[in-house]
Amino acid sequence: MKIKVAIFASGNGTNAEEIIKYFQNHESIKISLILSNNPNAFVLQRAENHRIPHFIFNRNMFYKERLIDEILSLNGINFIVLAGFMWLIPERFVKNYPNKIVNIHPALLPKYGGKGMYGSYVHEAVIKNKEKESGITIHWVNEKYDEGNIIFQAKCKLNPSDTADDVAKKVHRLEYEHYPKVIEKAILQ
Ligand code: GAR
């Protein structure tokens, strides 16, 4: 039996796409479910293109009701990957999936993390502070934003002329290169 993975994503889903492709013919890991809090997220189209079941939820379903818990359990999900997911993970999820939830953050944590620091906001802050480098952090998820133990980091150099968009491109490149492999290692460890 394969290890079943659910991906939570809120937006475009380019990371989800890379992860889906990487595990397409994997002998022991299967991307079984895509979940999103955003009905307009392009990641849902990607899920459809790859014929992966997907589910949209709202705040109540996620934080108050136990619907998502049931969906994960009914689908036999063993591992959770956050790929551009913008909501805080409820404590009960962290308890139900101890060391089985990973996130990617588009900066070198502990810098540029925490509430409100996501997507382009991160890159804009990096540019504003004239940082000479940025990068990615892959970490275990706990009940606080971006504070779980770090699994992996990779850096990219920035030029003084780089815009937030340029930083996003460099960071995305690192994400695509490393996230699927780090997920694989974290699952099979
Ligand atoms: C990625 O860069 C990811 O690191 C970031 O959102 C982007 C999603 O892109 N995640 C966060 O900011 C989480 N705090 P994608 O939808 O194209 O994968």
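Values below: every heavy atom of this structure, side chains too, minus hydrogens, waters and symmetry copies. Counting convention: from 1, in listed order, for ligands and their atoms alike.
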I want to check something: taking the side chain as every heavy atom from C-beta on, are Q153 and L108 in contact at a cut-off of under 4.5 Å?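 They are in side-chain contact.
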
Are any non-hydrogen side-chain atoms of I20 and I52 less than 4.5 angstrom apart?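 Yes, their side chains come closer than 4.5 Å.
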
May I ask whether [X] has any heavy atom positioned less than 4.0 angstrom from an atom of ligand 1?
| X | result |
| --- | --- |
| A9 | no |
| V171 | no |
| E17 | no |

In the protein, which heavy atom is nearest to [atom], and how far is it?
| atom | answer |
| --- | --- |
| atom 9 (O) of ligand 1 | H172 NE2, 3.3 Å |
| atom 11 (C) of ligand 1 | P106 CD, 3.6 Å |
| atom 2 (O) of ligand 1 | E175 OE1, 2.9 Å |
| atom 8 (C) of ligand 1 | G84 CA, 3.7 Å |
| atom 16 (O) of ligand 1 | G13 N, 2.7 Å |
| atom 13 (C) of ligand 1 | I104 O, 3.9 Å |

List ligand 1 atoms under 4.0 Å from [X], heavy atoms only on the residue side.
| X | result |
| --- | --- |
| T14 | 15 (P), 16 (O), 17 (O), 18 (O) |
| Y118 | 12 (O), 14 (N) |
| M86 | 6 (O) |

Show which side-chain atoms of residues 77-85 pair as donor or acceptor with protein atoms under 3.5 Å away, not counting sequence neighbours.
from	atom 1	to	atom 2	distance (Å)
N78	OD1	K4	N	2.7

Does NZ belonging to K2 count more than 12 external heavy atoms closer than 6.0 Å?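 Above 12, so yes.
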
CD/E27: more than 12 non-hydrogen atoms of other groups inside 6.0 Å: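 Incorrect, the count does not exceed 12.
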
Does the plane of the ring in F93 sit parallel, tilted or perpendicular to the ring in Y97? Use 30° and 60° as the thresholds.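 Geometry flag for Y97 against F93: tilted rings.
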
Taking the six-membered ring for Trp, are H178 and F152 parallel (under 30°), tilted (30 to 60°) or perpendicular (over 60°)?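 Ring orientation, 0 to 90° scale: tilted.
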
May I ask you to check whether N15 has an N/O atom sitting below 3.5 Å from an N/O atom of ligand 1?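 Min N/O separation from ligand 1 is below 3.5 Å for N15.
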
Judged on heavy-atom distance to atom 12 (O) of ligand 1, which of G114, S120, G119 sits nearest?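 Among G114, S120, G119, the closest heavy atom to atom 12 (O) of ligand 1 belongs to G119.
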
For a quick test of your reading: what N or O donor-acceptor pairs under 3.5 Å do the side chains of residues 61-71 make, sequence neighbours left out?
from	atom 1	to	atom 2	distance (Å)
Y63	OH	L88	N	3.3
Y63	OH	L88	O	2.7
D69	OD1	R92	NE	3.3
D69	OD1	R92	NH2	2.7
D69	OD2	R92	NE	2.7

Quick one: which of I150, N99, V94, I101 gives a side chain to side chain contact (heavy atoms under 4.5 Å, CB included) with W140?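 For W140, the side chain to side chain contact (heavy atoms under 4.5 Å, CB included) check succeeds only for N99.
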
